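Since this is a predicted model, take the numbers as computed values, not measurements. Hydrogens, waters and symmetry mates play no part in the numbers below; they use all other heavy atoms, side chains included. Naming: A, B, ... by sequence-line order, numbering from 1 per chain.
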Amino acid sequence: MRNAILSAIFEQMADIMEILGEDPFRINSYRKVSRALSELPADVGVLLEDGRLAKTPGIGKSSLAKIREFVESGRVAAHEELLERIPPSLLELLHIPGMGPKGVKAVYEGLGVEGVGDLKKAIENGTLATLPGFGEKRAAAIARGIEFLEKSTGRIRLDQAMEAAEMVVACLHELPGVERIEPAGSLRRRAETIGDIDILVAASRGSGKSETSPGQIIESFTQASFVERVLAAGDTKGSAIIQTETTPVQVDVRVVPAESFGAALQYFTGSKQHNVRLREIAVKGKLKLNEYGLFDGDTQLAGATEEEIYERLGLDPVAPLLREDRGEIEAARAHALPELVRIKDIRGDFHMHTVASDGRNGIEEMAEAARQRGYAFLCITDHSESSIVANGQSPKRLAKQIEQIRKIAAGLKGITLWAGAEVDIGADGSLDFDDKLLAELDYVVASIHSGMGSPREKVTMRTLKAMDNPYVSCIGHPTGRLLGQREAMDLDIAAVIEQAARTGTALEVNANPYRLDLKDVHCKRAVEAGVKLAIGTDAHSTAGLGLMHFGVATAGRGWATRDDVLNTLSPAKLKTWLRAKRPR
DNA sequence: GCCGTTTTCGGCCCGACTGTTTTCAGTCG
């Protein structure tokens with residue numbers, strides 16, 4: 001928690017300094033510190049003690065002193081001094097599209113505007129438009145920005161973003177002259193939530209009369225029926241707001257010539273931080289990297305493919321999933337990038353429900369759907385008794401279901417069907433079923449479904465205790481978050497990972513796009529600790545099995561290889577792994 | 001403020017689009 005608070009403090013200091021017009025490079029270094037703090041592997045206090053914080057890139061002497069001050073006194077004097085120089089409500093204006101630090105400073109000094117309410121009034125009574133540097137159009141754009149901010153619920157889930165992107169791709173890919181079209185940005189990196197959607201188009205340069213010019217491609221996009229509002233439409237770039245099921249989202253379409261497609265794809269895939277690092281490497285080599293290619297003066301050295309750009313910079317090609325500046329550049333230079341787990345490595349699914357609890361399909365249907373996916377195994381894991389709303393099974397019902405599963409399994413060819421359960425972890429860390437019944441199961445995923453708002457000590461204790469049980473194979477959706485709906489539990493993830501490693505318990509990567517739990521950075525820490533990941537779709541129907549790719553992407557973003565993921569094992573090897581924790 | 005097999009000082013990523021600019025600043029990604 002302290003990490004997040006400190007990260008926010010540095011971010012806010014950067015925002016205030018930006019409004020005050022201070023040195024941009026200094027401001028940038030504050031933002032780097034903020035980001036470094038948000039991604040630390042453990043509590044700042046611990047890292048400060050053992051000296052790891054001082055070695056963290058981006059955190060220098062001056063920031064270290066501020067962090068130490070915070071750890072010791074709970075405050076940062078420099079932060080408090082900055083807060084005295086502007087009204088804090090001014091900072092909310094920075095989030096309005098079309099308002100930047102200069103604009104905020106101008107409305108504050110010129111009109112006495114101190115917050116969104118004041119700004120709205122200044123737009124309505126026309127005074128904003130009279131301010132130097134503003135005007136009717138800009139005032140109107142800012143009014144729309146405020147409206148967007150109020151309507152938008154923020155970032156959208158990965159599955160929503162993919163659906164929206166497919167709609168735009170379908171609209172553009174039939175146009176003559178469009179050679180390739182590819183979603184880029186955080187969507188291509190499979191980030192857990194998406195702020196805006198980037199679509200990249202390669203247009204042929206041919207002069208044929210039937211060809212479409214880049215400007216016409218942009219026009220086709222901005223005039224599409226799903227577009228709610230056009231933000232910009234130039235010769236090579238267009239931005240528009242489109243509506244999704246829950247919230248408006250911004251889509252940017254960019255058109256580049258085919259010979260630059262790789263460079264543009266690299267550029268627009270990001271992340272911003274990853275790209276900044278690459279361009280710094282280019283500059284050190286007296287080169288220039290932009291969306292058109294890698295250049296030595298006017299000579300293009302690379303640009304058609306992403307791979308050649310990385311290679312000309314002395315790096316192994318980096319998978320989009322890893323491009324977050326979380327160590328992948330150093331690994332690429334040292335030829336030490338992990339070979340990430342892929343969807344085709346997946347041989348089965350660990351987590352699914354049937355009509356026995358709250359699923360929509362029966363055991364045979366799930367098995368058949370798994371077989372059609374080419375799987376070698378599947379585990380049926382219906383809810384246990386405590387999950388009353390999910391129609392959880394009593395010990396008696398489970399015992400009967402195990403018999404039923406054995407019978408069906410015996411008649412199946414080419415796929416191994418296992419009996420499992422998703423067992424509730426109680427308030428005291430006990431499980432719904434006794435060990436005797438659990439021992440009858442091939443696979444047990446233990447999950448918390450209640451008391452998620454309990455204090456850190458409690459939710460952590462419950463999870464650790466469940467792992468002590470020799471029949472618990474895996475902890476299901478360990479943090480319990482629902483993206484956009486419910487915060488993660490305040491779980492001591494470091495303690496959970498340590499216990500998982502010690503007890504030989506797997507941690508789930510729940511593939512449901514609402515969950516993605518463990519999340520990417522937690523997966524990475526689990527992998528580093530040698531903990532196995534079990535990807536489960538938590539399917540409640542045969543269609544739900546198709547969510548697997550979201551889990552694979554999340555594990556990949558956590559640097560997981562085949563060896564880190566239990567789903568890649570053959571049924572025989574898996575059986576051996578599962579038995580290892582159990583009493584002989 | 002941070003950082004260094006070209007530097008302990010002097011750099012610090014790059015380009016498109018818009019509006020109000022009569023030649024470019026601000027914003028965005």
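Taking OG of A/S186 as the reference point, atom CZ of A/R189 lies at 5.5 Å (rounded to 0.5 Å). The distance from atom CG of A/L321 to atom CD of A/E328, rounded to the nearest 0.5 Å, is 11.0 Å. Here the OG-CD distance, from A/S260 to A/Q266, works out to 12.5 Å after rounding to the nearest 0.5 Å. The distance from atom CD of A/E291 to atom CG of A/L200, rounded to the nearest 0.5 Å, is 10.0 Å. Expressed to the nearest 0.5 Å, how far CG of A/D15 lies from OH of A/Y30 amounts to 13.0 Å.
Residues from residues 106-125 of chain A that place a heavy atom under 4.0 Å from any atom of DNA chain B: there are none. Within residues 307-316 of chain A, no residue has a heavy atom under 4.0 Å from DNA chain B.
Contacts of A/Y30 with the nucleic acid, taken as non-hydrogen atoms under 4.0 Å apart, involve only primed sugar atoms and P, OP1 or OP2. Across all strands shown, A/K286 has heavy atoms under 4.0 Å from base atoms, whether or not it also approaches the sugar-phosphate. Counting any heavy atom pair closer than 4.0 Å across all strands shown, A/G98 reaches sugar-phosphate atoms only and no base atom. Across all strands, A/S239 comes closer than 4.0 Å to no nucleic acid atom at all (heavy-atom distances). Contacts of A/I142 with the nucleic acid, taken as non-hydrogen atoms under 4.0 Å apart, are absent. Residue contacts shown for A/K61 are limited to sugar-phosphate atoms, with no base heavy atom under 4.0 Å away. Residue A/P101 is classed as a sugar-phosphate contact, given heavy-atom separations below 4.0 Å to backbone atoms only. Residue A/R254 is classed as a sugar-phosphate contact, given heavy-atom separations below 4.0 Å to backbone atoms only. In this structure, A/V283 reaches the sugar-phosphate backbone alone: every heavy-atom distance under 4.0 Å involves primed, P, OP1 or OP2 atoms, never a base. Nucleic acid contact for A/R26: base, since at least one base atom lies under 4.0 Å from a heavy atom of the residue. In this structure, A/G103 reaches the sugar-phosphate backbone alone: every heavy-atom distance under 4.0 Å involves primed, P, OP1 or OP2 atoms, never a base. Here A/A233 lies in heavy-atom contact (under 4.0 Å) with sugar-phosphate atoms only. Within 4.0 Å of A/F134, counting heavy atoms only, lie sugar-phosphate atoms of the nucleic acid but no base atom. Note on A/E22: nothing from the nucleic acid sits closer than 4.0 angstrom, heavy atoms only.
Mapping A/G58 and A/D235 onto DNA chain B by nearest heavy atom places A/G58 closer to the 5' end of the strand. Across the interface with DNA chain B, nearest-nucleotide mapping of A/S29 and A/G135 shows A/S29 to be the residue nearer the 5′ end.
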**Study point:** CA sep, side-chain torsions, deciding dist, call: A/L47, A/T56, side-chain contact (heavy atoms from CB on, under 4.5 Å)
**Key:** CA-CA 10 Å; A/L47 299 174; A/T56 304; 5.9 Å; no
**Study point:** A/E487/A/R481 under salt bridge (Lys or Arg N to Asp or Glu O under 4.0 Å): CA gap, chis, key distance, verdict
**Key:** CA-CA 5 Å; A/E487 285 293 314; A/R481 71 170 179 179; over 6 Å; no
Point to revise | Audit row: A/F221, A/I199, side-chain contact (heavy atoms from CB on, under 4.5 Å) steps and yes/no | key: CA-CA 11 Å; A/F221 162 60; A/I199 310 271; over 6 Å; no
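Salt bridge present: A/E11 and A/R31 bring a charged side-chain N and a carboxylate O closer than 4.0 Å. Between A/D520 and A/R326 a salt bridge is recorded (basic side-chain N to carboxylate O distance below 4.0 Å). Ion pair A/R312/A/E307 not flagged as a salt bridge, since none of the NZ, NE, NH1 or NH2 atoms sits closer than 4.0 Å to an Asp/Glu carboxylate oxygen.
Scanning DNA chain B 5' to 3' for nucleotides with an atom closer than 4.0 angstrom to a non-hydrogen atom of chain A gives a first and last hit of B/dG1 to B/dG29.
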Donor-acceptor pairs under 3.5 Å, side chain of residues 77-87 of chain A to any protein atom, not counting sequence neighbours: which ones?
residue: A/H79; atom: NE2; partner: A/Q12; partner atom: OE1; Å: 2.7
residue: A/E80; atom: OE1; partner: A/R75; partner atom: NE; Å: 3.2
residue: A/E80; atom: OE1; partner: A/R75; partner atom: NH2; Å: 2.8
residue: A/E80; atom: OE2; partner: A/R75; partner atom: NE; Å: 3.3
residue: A/R85; atom: NH1; partner: A/E22; partner atom: OE2; Å: 3.4

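The number of heavy-atom neighbours closer than 6.0 Å to CD of A/Q243, taken from other residues, nucleotides and ligands shown, is above 12.
Listed by first then second residue, pairs satisfying salt bridge (charged side-chain N to carboxylate O under 4.0 Å, His left out) with a partner in residues 221-236 of chain A number zero, not counting sequence neighbours.
Residues A/D325 and A/H274 have side chains that never bring a donor and an acceptor to within less than 3.5 angstrom of each other.
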Practice item. For DNA chain B, produce a single dot-bracket line, 5' to 3'. Pairs: Watson-Crick or G-U wobble, both distances under 3.5 Å. Symbols: ( ) within strand, [ ] crossing, | other strand, . unpaired. Key: ((((....)))).((((((....))))))
